[in-house]
Each structure stands twice: as C-alpha cells, then as structure tokens.
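Right, one structure below, let's go through it.
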Amino acid sequence: MKILMVLTSHDEMGDTGNKTGFWLEEFAAPYYVFKDAGADISLASPKGGQPPIDPTSDSEDAQTDDTRRFKGDADAQAELATTLKLSDVTADGFDAIFYPGGHGPLWDLAEDADSKRLIEAFAAADRPVGAVCHAPAVFRHTLATDGKPLVSGRRVTGFTNSEEEGVGLTDIVPFLVEDMLKANGGNYEKGDDWASFVLRDGKLVTGQNPASSADAAHEMLALLA
C-alpha cells in the first residue's frame, strides 16, 4: 500500500506579514494512521524539500499526541525535510493521494498544475483522493473525466465559513473553501465547528477541520482495505 501525501510550499498569509504553511496536526495524524497500518508513504510539495509548518499549529496549545510523536520521530522529520518536488511525481505505483491542510494550499496547491494533474489521474483511475480542512482547496480547478468539476454532484466538506470567521481570516484568504466547493457544484455538508466531520463519496474523502484529520485517514484506509 503506497500513499502519496502532498503538502503546501506557501508560507505567507496574504499581505499580513504573518506566516502560514501546513497545519502540523493535519499532517501528523494521517501520517501515523497510514504508517501504523503499514503503508509506504511518500511526501511531496510544489517546491520540494522542507514544507513550511504554520507556526500557530506548532504552538504549545495546538499539540496533540500525534504532533508530540512527530517531535520525537527523527525519521519522520527527515522525510518531511526532503519532500519530493511535485512536478517530478506521477500517479504511477501509488494507491491513494492525501492532502493535509493549513492555509498554505489556498495560495499554491489550489492553483498548481501538477497537483491538478495528479488528482485527475487518481480520480480517473478510481483511486482514493483525500483532503482535510483547507486542503479541499485543491479541488478548485480539478475536473472529472466528464469535464465537470471533480466535486460536482458529490458530498464534500471542508473548512467552514464560520470556522474561517472564527480565526479572523475571512478577509485575508484568497477564497473560502465552503463557498468554492458549493460554486463547483459540490453537495457541501458540515458538522459542528471544530468537531470531527468526514464525508466519503465514492473514492473521494474530505474532512472539515483539524479534528477530522485522523478520521479522514481511516476512511482512506477503509477504501484501500
């Protein structure tokens, strides 16, 4: 079982002067769900190398058992520091693709041609595609084989407008995940803010927020079982 995890390379929160990147829990929780299930994991990002960790997700009050495990895992840290360059990666040989969130993907992965290419290849081959929190931003331009948006007519979730408002970034982000998924024809659903909520529609798995990360990964494993 080979799983490709794709992380953002973007570290600027618009023009605020603040830093962003990927959300540590949204990487660590799925990483260990996959790793503990015996998966062979490859990591990639648009620029390759070390992807930026959102500093807020690395604060003391954001730590979880999985992030603490990562902090003590030299092998995982080394893997993260040497991600493959996305343009060098093909879907060949991988059983699934998974995107951790954080605000970074709104700027780079949402517009990245290589990410679009990979998602469309996995979807066309009926292999699982997963994204959590802000990472469903990667479906902004992806198309199904019929030429319609990949999420059109499908049950999907992602970071809610009210959650974005809760973190005070509604006017900073380039677009709102909830609004984009609806605009692309997705049947958007959500649970309570900040509580785990995951949807599976065919081979497409989406999670609403950081709390959904591990559950989304378990849904991916169920598809691969």
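The basis for the numbers below is simple: all heavy atoms, side chains too, and nothing from hydrogens, waters or symmetry mates.
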Note, [X] side chain near [Y] side chain (heavy atom, < 4.5 Å):
X    : Y    : value
F34  : M220 : yes
V6   : F98  : no
F70  : L24  : yes
T206 : V198 : no
I53  : W23  : no
L86  : S45  : no
V89  : L4   : yes
L204 : V156 : yes

More than 12 non-hydrogen atoms from neighbouring residues, nucleotides or ligands closer than 6.0 Å to [atom1] on [X], yes or no?
X    : atom1 : result
E165 : CD    : no
D15  : CG    : no
K71  : NZ    : yes
D171 : CG    : no
K190 : NZ    : yes

Say you draw a straight line from [atom1] of [X] to [atom2] of [Y]; how long is it, rounded to the nearest 0.5 Å?
X    : Y    : atom1 : atom2 : result
H141 : L150 : NE2   : CG    : 13.5 Å
E178 : E189 : CD    : CD    : 11.5 Å
N187 : L181 : CG    : CG    : 10.5 Å
D40  : I3   : CG    : CD1   : 9.0 Å
K2   : I41  : NZ    : CD1   : 12.0 Å

Dump the intermediate steps for side chain to side chain donor-acceptor pair (under 3.5 Å) on H134 and E26, then the final yes or no.
CA-CA 10 Å; H134 284 90; E26 295 171 30; 5.6 Å; no
[X] and [Y]: same hydrophobic cluster, using ILVMFWY side-chain contacts below 4.5 Å?
X    : Y    : result
F122 : M1   : no
I119 : L223 : no
L109 : I172 : yes
L118 : F22  : no
V151 : V205 : no

Taking Y32 as the fixed residue, which of D73, D66, T67 is the one that meets the side-chain hydrogen bond (donor to acceptor under 3.5 Å, both in side chains) rule?
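Answer to the side-chain hydrogen bond (donor to acceptor under 3.5 Å, both in side chains) test with Y32 among D73, D66, T67: D73.
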Can a cation-pi geometry be assigned to R127 and F94, taking NZ or CZ under 6.0 Å from the six-membered ring centre and within 45° of the ring axis?
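The answer is no, since R127 fails at least one limit relative to F94.
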Main-chain N/O of [Y] paired with [X] side-chain donor or acceptor, under 3.5 Å:
X    : Y    : answer
T20  : D54  : no
N184 : F139 : yes
R154 : D201 : yes
E163 : T160 : yes
Q208 : D192 : yes
T83  : A44  : no
S213 : P210 : yes
S152 : P149 : no
E164 : F159 : no
E120 : L143 : yes

How close do [X] and [Y] get, counting heavy atoms only, and between which atoms?
X    : Y    : result
G158 : P136 : CA-CG, 4.1 Å
E25  : P30  : O-CD, 3.7 Å
G21  : P105 : O-CD, 4.2 Å
D108 : P46  : OD2-CG, 3.6 Å
A62  : S57  : CB-O, 3.6 Å
A195 : A211 : C-CB, 4.1 Å

Ring geometry between W107 and H10 (parallel below 30°, tilted from 30 to 60°, perpendicular above 60°)
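Plane angle under 30°, so parallel.
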Derivation of the side-chain contact (heavy atoms from CB on, under 4.5 Å) call for R140 and E111:
CA-CA 8 Å; R140 191 178 194 189; E111 309 298 331; 2.7 Å; yes
Salt bridge (charged side-chain N to carboxylate O under 4.0 Å, His left out) for D114 and R117? Distances and angles first, verdict last.
CA-CA 5 Å; D114 292 303; R117 166 180 59 82; 3.2 Å; yes
Does the salt bridge (charged side-chain N to carboxylate O under 4.0 Å, His left out) test come out yes or no for K203 and D126, once each step is laid out?
CA-CA 7 Å; K203 298 288 178 70; D126 199 32; 3.3 Å; yes
Quick test of your reading: applying salt bridge (charged side-chain N to carboxylate O under 4.0 Å, His left out), list the pairs with at least one residue in residues 4-14, sequence neighbours left out, ordered by first then second residue.
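Only D11-K19, E12-K19 qualify under salt bridge (charged side-chain N to carboxylate O under 4.0 Å, His left out).
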Does L80 form a side-chain contact (heavy atoms from CB on, under 4.5 Å) with L43? I'd like the steps, not just the answer.
CA-CA 7 Å; L80 186 66; L43 307 179; 4.3 Å; yes
Does the distance from a Lys or Arg side-chain N to an Asp or Glu carboxylate O, for K85 and D88, drop under 4.0 Å?
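Salt bridge absent between K85 and D88.
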Pair T8-Y99, side-chain donor/acceptor within less than 3.5 Å:
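Short answer, no.
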From CA spacing to verdict: side chain to side chain donor-acceptor pair (under 3.5 Å), S212, D215
CA-CA 5 Å; S212 311; D215 290 340; over 6 Å; no
Trace of the side-chain contact (heavy atoms from CB on, under 4.5 Å) decision for V167 with T56
CA-CA 11 Å; V167 296; T56 307; over 6 Å; no
Give the intermediate values and the outcome of side-chain contact (heavy atoms from CB on, under 4.5 Å) for residues N161 and T170.
CA-CA 8 Å; N161 289 355; T170 301; over 6 Å; no
